[in-house]
Colleague: 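Take this structure, written in structure tokens, and hold onto it; I'll ask about it next.
The sequence lines fix the lettering, A, B, ..., with proteins before strands; numbering per chain opens at 1.
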Amino acid sequence: MNKIQTIYNTIFSLYGPQGWWPLLECKGTNPTKTGSIQGYHPNDYSYPKNNAQVFEICVGSILTQNTSWSNVEKALLNLKKRNALNTKGMMQLSDGKLRELIKVAGYYNQKARYLRGFLEFFKTLKKVPSREELLNIKGIGPETADSMLLYAFKVPSFVVDSYTKRIFSYCGLIQRKATYDEIKALCEQSIEPDLKIYQEFHALLVEHAKRYYSKKPFGLNCPLKKLFL
DNA sequence: TTCCAGGCAATAC
DNA sequence: GTATTGCATGGA
């Protein structure tokens with residue numbers, strides 16, 4: 001059992017299935033989750049169920065860049081109310097209206113442009129996109145691309161975020177200067193590609209980080225740090 | 001008031 | 001190639 005697997009097993013035992021990616025249509029909450037946000041579907045890996053939900057996940061992955069999910073959820077609801085959480089509806093929005101609807105998610109000028117660019121790509125999409133294709137879209141970096149692949153397109157592509165890096169760094173698994181691709185490679189070499197495990201692992205790391213790595217001093221009382229002493 | 005949030009692109013060095 | 005900066009709202 002390698003260290004990455006040990007971390008996965010430990011936090012899965014602590015928090016259980018997370019039910020990511022949250023979708024507006026799902027009313028379920030995750031009882032072990034911090035906060036009171038809804039939209040999770042623990043133990044149900046059948047989502048997304050349709051193209052509209054694929055699109056919703058992709059839009060959410062752009063809106064949540066460096067932004068709390070509670071604000072993203074409000075923006076998604078604004079779009080939904082305007083019937084703009086689908087390709088046709090969003091294309092019909094003026095730039096001003098689009099910015100207004102997503103304003104609550106922050107960086108709204110940038111993100112409105114990013115959404116337009118993604119929309120152009122998505123509306124003619126006929127197959128599962130490659131990571132390269134996604135990275136070529138302005139506003140889609142490695143984490144957003146991997147989130148889309150893993151949660152919207154069901155490709156077992158490991159998602160690394162700032163929490164992942166922080167936790168692994170404080171647990172001594174990586175160097176502080178480790179790059180996104182290095183961390184991703186370490187994880188994908190430690191755990192064979194598996195959609196459910198990759199989906200849960202990223203969600204569990206976020207949950208764990210919210211408990212132990214969101215305020216300084218980071219890692220205080222983190223149970224994972226005791227695993228490799 | 002300050003810090004933080006499920007990053008990214010542009011720019012500086 | 002790596003480090004820094006601007007983008008922005010809302011909650012703790």
Colleague: What is the distance, to the nearest angstrom, from the CG atom on A/L63 to the C1' atom on C/dC7?
Modeller: 14 Å
Colleague: So which one's nearest nucleotide on DNA chain B is more toward 5', A/S68 or A/G139?
Modeller: A/S68
Colleague: Could you state the CG-P distance from A/N66 to C/dT9, rounded to the nearest angstrom?
Modeller: 14 Å
Colleague: Using a heavy-atom distance cut-off of less than 4.0 Å, which residues of residues 101-108 of chain A contact DNA chain C?
Modeller: A/K103, A/V104, A/G106, A/Y107, A/Y108
Colleague: side-chain hydrogen bond (donor to acceptor under 3.5 Å, both in side chains) with A/S13: which residues, sequence neighbours excluded?
Modeller: none
Colleague: Can you see if the side chain of A/T144 gets near the phosphate of B/dC8 - specifically, an N or O under 4.0 Å from OP1 or OP2?
Modeller: yes
Colleague: Without decimals, in angstroms, what is the distance between A/K177 NZ and C/dT4 C1'?
Modeller: 18 Å
Colleague: Test for a donor-acceptor pair under 3.5 Å between the base of C/dC7 and the side chain of A/Q110, counting only N and O atoms.
Modeller: yes
Colleague: For the pair A/F55 and A/F118, name the ring-plane relationship: parallel under 30°, tilted 30 to 60°, perpendicular over 60°.
Modeller: parallel
Colleague: So what does A/R166 hit on the nucleic acid, given a heavy-atom distance under 4.0 Å: a base, only sugar-phosphate, or nothing?
Modeller: sugar-phosphate
Colleague: Can you work out whether A/Y180 or A/Y213 has the more 5'-proximal nearest nucleotide on DNA chain B?
Modeller: A/Y213
Colleague: Taking only side-chain N and O atoms of A/N109, does any of them lie within less than 4.0 angstrom of OP1 or OP2 on C/dA8?
Modeller: yes
Colleague: Among A/F158, A/W20, A/Y163, which residue meets the ring pair (Phe, Tyr, Trp, His ring centres under 6.0 Å) test with A/F201?
Modeller: A/F158
Colleague: Does any non-hydrogen side-chain atom of A/K215 lie less than 4.5 Å from one of A/L220?
Modeller: no
Colleague: Measuring only the P atom in each nucleotide, how far is B/dT11 from C/dA8? A whole number of Å is fine.
Modeller: 15 Å
Colleague: When the distance from CG of A/L115 to P of B/dC8 is rounded to whole Å, what number comes out?
Modeller: 14 Å
Colleague: Does A/K216 put a side-chain nitrogen or oxygen below 4.0 Å from OP1 or OP2 of B/dC4?
Modeller: yes
Colleague: Mind checking A/S162 for me? I need base, sugar-phosphate or nothing, with any heavy atom below 4.0 Å counting as a touch.
Modeller: sugar-phosphate
Colleague: Starting the side chain at C-beta, find the nucleotide from B/dC4, C/dT9, B/dA9 nearest to A/N71.
Modeller: C/dT9
Colleague: Grab the NZ-P distance between A/K210 and B/dC3 for me, whole Å please.
Modeller: 21 Å
Colleague: Name the nucleic acid region contacted by A/K215, choosing base, sugar-phosphate or nothing; use a 4.0 angstrom heavy-atom cut-off, strictly under.
Modeller: nothing
Colleague: Just so I know, are the side chains of A/Q65 and A/T144 near enough to count as touching, which here means a heavy-atom distance under 4.5 Å?
Modeller: yes
Colleague: Describe the nucleic acid contact of A/K138 in one word from base, sugar-phosphate, nothing, applying a heavy-atom distance below 4.0 Å.
Modeller: sugar-phosphate
Colleague: Crowded around A/K127 NZ? As in, over 12 foreign heavy atoms under 6.0 Å?
Modeller: yes
Colleague: Expressed as a whole number of Å, how far does the C1' atom of B/dA5 sit from that of C/dA3?
Modeller: 22 Å
Colleague: Look at all strands and tell whether A/I140 reaches a base, only sugar-phosphate, or nothing, counting heavy atoms closer than 4.0 Å.
Modeller: sugar-phosphate
Colleague: Which is it for A/Q53 and A/E25 under the side chain to side chain contact (heavy atoms under 4.5 Å, CB included) test, yes or no, and what are the steps along the way?
Modeller: CA-CA 9 Å; A/Q53 291 187 338; A/E25 186 178 314; 3.4 Å; yes
Colleague: Classify A/I137 by what it touches in the nucleic acid, base, sugar-phosphate, or nothing, heavy-atom distance under 4.0 Å.
Modeller: sugar-phosphate
Colleague: Identify the heavy atoms of A/F168 and A/I7 that sit nearest to each other, and give their distance.
Modeller: CE2-CD1, 4.1 Å
Colleague: If I take atom CD in residue A/Q65 and atom P in nucleotide C/dT9, what distance separates them, rounded to the nearest angstrom?
Modeller: 17 Å
Colleague: Measure from the side-chain heavy atoms of A/K74 and tell me the nearest of B/dA5, C/dG10, B/dG7.
Modeller: C/dG10
